[in-house]
Amino acid sequence: MASDPLIYASYAAIAAVWTASQFILIPYVVHLLVLVMAILYVACHGSLMLREELPKEGEEGYDPDAVGVETLKKEDAMQFPIMGSMSLFGLYLAFKFLGQDFVNLLIGGYFAAVGCGALTLTIAPLLEPVVPKSLTENKLGFKKKVSHPLPEWILPKDLELGITFSSLDLISFLAASAIVAMYFQKKYWALNNVLGICFCLQGIERLSLGTYKIGAILLVGLFFYDIFWVFGTDVMVTVAKNLDGPIKLLFPRSLVPNEETGKIELSLLGLGDIVIPGFFLALLLRFDATNAKMPTNKVNIFEPFPKPYFYSAMIAYFLGLATTLFVMIQFQAAQPALLYLVPACLGSSFLCAVMRGEVSELLAYSEEEEEEEEEEVTAETISAAVAAAADTSGDEDEEGDDEEEAVSPLEEEEAPAKEESEEEEEEEEEEAEVDLEEYEEEDENEAEEEEDQADNNDDDDDDEGPGDSDDDDENDDGEDDDNDDEEQEDEDQEDEEQAKQNDDDDDDDDDDD
């Protein structure tokens with residue numbers, strides 16, 4: 001199977017640079033750039049394991065002790081600069097009032113424990129391919145449940161204490177403890193870098209930013225955080241120089257100790273300038289893997305696939321870090337690295353999305369498992385409620401009862417608003433029905449009047465004859481009387497004409513006589 005040669009090259013570069021720098025003076029700019037870029041390449045590819053889907057209960061390979069993915073929430077990203085500022089200023093005050101030796105002693109115990117854990121998690125995978133399988137298969141440890149007096153609403157289950165580890169884990173832990181002990185005894189800069197490299201690898205590999213938007217919020221917040229504490233005050237520089245712990249990588253400028261101090265001159269780079277952008281670069285690499293449809297059941301971090309977003313951001317990070325070093329050397333002053341790294345990472349990734357036409361896909365990309373699980377549970381709840389409603393409705397139809405609608409928990413929240421809207425719709429429908437009834441009544445009255453008028457006209461046509469001009473029976477009485485008078489006058493006139501005619505005939509008869 002093909003594999004990515006750059007991963008092996010990065011592992012080799014880390015080991016080679018760390019070893020050679022103790023005997024050969026490597027220009028610290030080259031030393032810094034090579035080591036940091038190799039750490040980021042290895043750590044980001046190690047974070048691909050976050051895409052692997054763990055077997056669920058009942059499936060083959062299910063491990064009840066398996067730890068889920070640590071995902072940064074939006075609220076945490078927004079609060080991170082504030083919490084970081086409080087911690088940084090607290091350390092500054094501690095150094096100022098409690099003294100450097102006392103503070104380093106207290107913090108040393110914390111770094112010893114955390115360093116052992118980080119070293120163990122780094123060493124064990126490196127030794128696993130070369131040791132017998134029996135060292136990894138045989139599990140040791142114990143588990144014990146401890147009851148507690150707290151009420152169930154505070155802590156519903158008993159406490160489960162214990163630890164499980166393999167023989168390889170035990171061997172790795174012993175080796176890590178020896179390295180940590182040597183570091184705190186000698187405070188050698190190369191051992192400091194061993195712990196710092198392990199912190200970077202384990203941090204980037206195990207934490208997910210969740211979404212591109214959360215990553216942008218975190219980077220922008222720390223952008224202003226870094227500028228303020230470096231340019232605005234001496235807090236950042238003071239804490240970095242006085243804190244004697246593996247919170248930074250050291251790069252020798254000379255292998256010959258200074259005659260006055262007896263120490264070699266060192267340059268430093270805070271782990272935050274590697275880890276914080278590393279979270280973002282790892283997210284982009286997993287986005288590339290999702291776009292390439294890489295499998296999630298068995299993830300192989302060495303399997304090659306197209307990585308346009310990751311490579312563009314890596315190149316931008318390299319240029320931003322080189323710019324930081326150039327400005328620092330040019331002006332001989334400490335520089336906030338995130339001032340150059342944040343615009344480089346955000347700008348390169350967004351520009352890549354614009355050029356590929358995938359802005360919406362990049363902004364929508366999410367690794368927040370809890371929200372996805374809640375959505376799945378909600379969908380299942382709604383489906384079950386709908387199915388139950390269908391069954392209930394079917395039974396009630398057979399019995400001839402009225403149907404009752406099953407309401408899901410999600411719909412109960414919307415019920416009051418829905419009822420108000422339904423009442424408003426019913427009122428509007430009733431008003432519309434009333435207006436329609438009134439309109440229909442008016443139409444009926446007009447139709448009846450037209451029918452009556454038509455009937456009266458028909459009656460008038462039937463009554464018409466020679467000498468008759470009677471109107472409709474529903475005409476007023478004055479018009480009927482006028483018609484009768486006219487008929488009477490016509491009859492009287494005819495009688496007069498008839499009488500006159502008779503008189504003329506009588507006169508003619510007399511003339512004849």
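Since we're looking at a predicted model, the values are computed, not measured.
- Between E52 and V299, the closest heavy-atom pair is OE2-N, 3.2 Å.
- Side-chain contact, D169 with S166: a donor N or O sits under 3.5 Å from an acceptor N or O.
- By the 4.5 Å heavy-atom criterion applied to side chains, F223 and L339 are counted as neighbours.
- Within the 4.5 Å cutoff, the side chain of L249 has heavy atoms near those of the I39 side chain.
- Within a 6.0 Å sphere centred on CZ of F318, heavy atoms belonging to other residues, nucleotides or ligands number 12 at most.
- Judged by a 6.0 Å distance limit and a 45° cone about the ring axis, K307 is positioned over the six-membered ring of F305.
- Using a 3.5 Å distance cut-off with no hydrogens or angles, the side chains of T296 and R51 do not pair a donor with an acceptor.
- Heavy atoms of other residues, nucleotides or ligands lying less than 6.0 angstrom from NZ of K187 number more than 12.
- Within a 6.0 Å sphere centred on CD of Q332, other residues, nucleotides and ligands contribute more than 12 heavy atoms.
- Counting heavy-atom neighbours within 6.0 Å of F173 CZ, excluding the residue itself, gives a total of 12 or less.
- Residues meeting the ring pair (Phe, Tyr, Trp, His ring centres under 6.0 Å) test with F310, sequence neighbours left out: Y41, H45.
- For Y188, the OH atom sits in a packed shell: over 12 heavy atoms of surrounding residues, nucleotides or ligands are nearer than 6.0 Å.
- The distance from atom CZ of F280 to atom CD1 of I214, rounded to the nearest 0.5 Å, is 12.0 Å.
- Separation of atoms CH2 (W189) and OG (S21) is listed at 3.0 Å; rounding is to 0.5 Å.
- The shortest distance between side-chain heavy atoms of L40 and M314 falls below 4.5 Å.
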### Query
Do F80 and Y225 pass the ring pair (Phe, Tyr, Trp, His ring centres under 6.0 Å) test, and can you show the C-alpha distance, the side-chain angles, and the key distance before you say yes or no?
CA-CA 10 Å; F80 199 93; Y225 159 90; 8.0 Å; no
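- When side chains are defined from C-beta on, F95 does not count as touching T238, because their heavy atoms never get closer than 4.5 Å.
- At a cut-off of 3.5 Å, with distance as the only test, a side-chain donor of S349 or Y212 sits close to an acceptor on the other residue.
- Annotation: the span from L91 atom CG to I107 atom CD1 amounts to 5.0 Å, rounded to 0.5 Å.
- Here the shortest heavy-atom pairing between V36 and Y317 reads CG1-OH, 3.6 Å.
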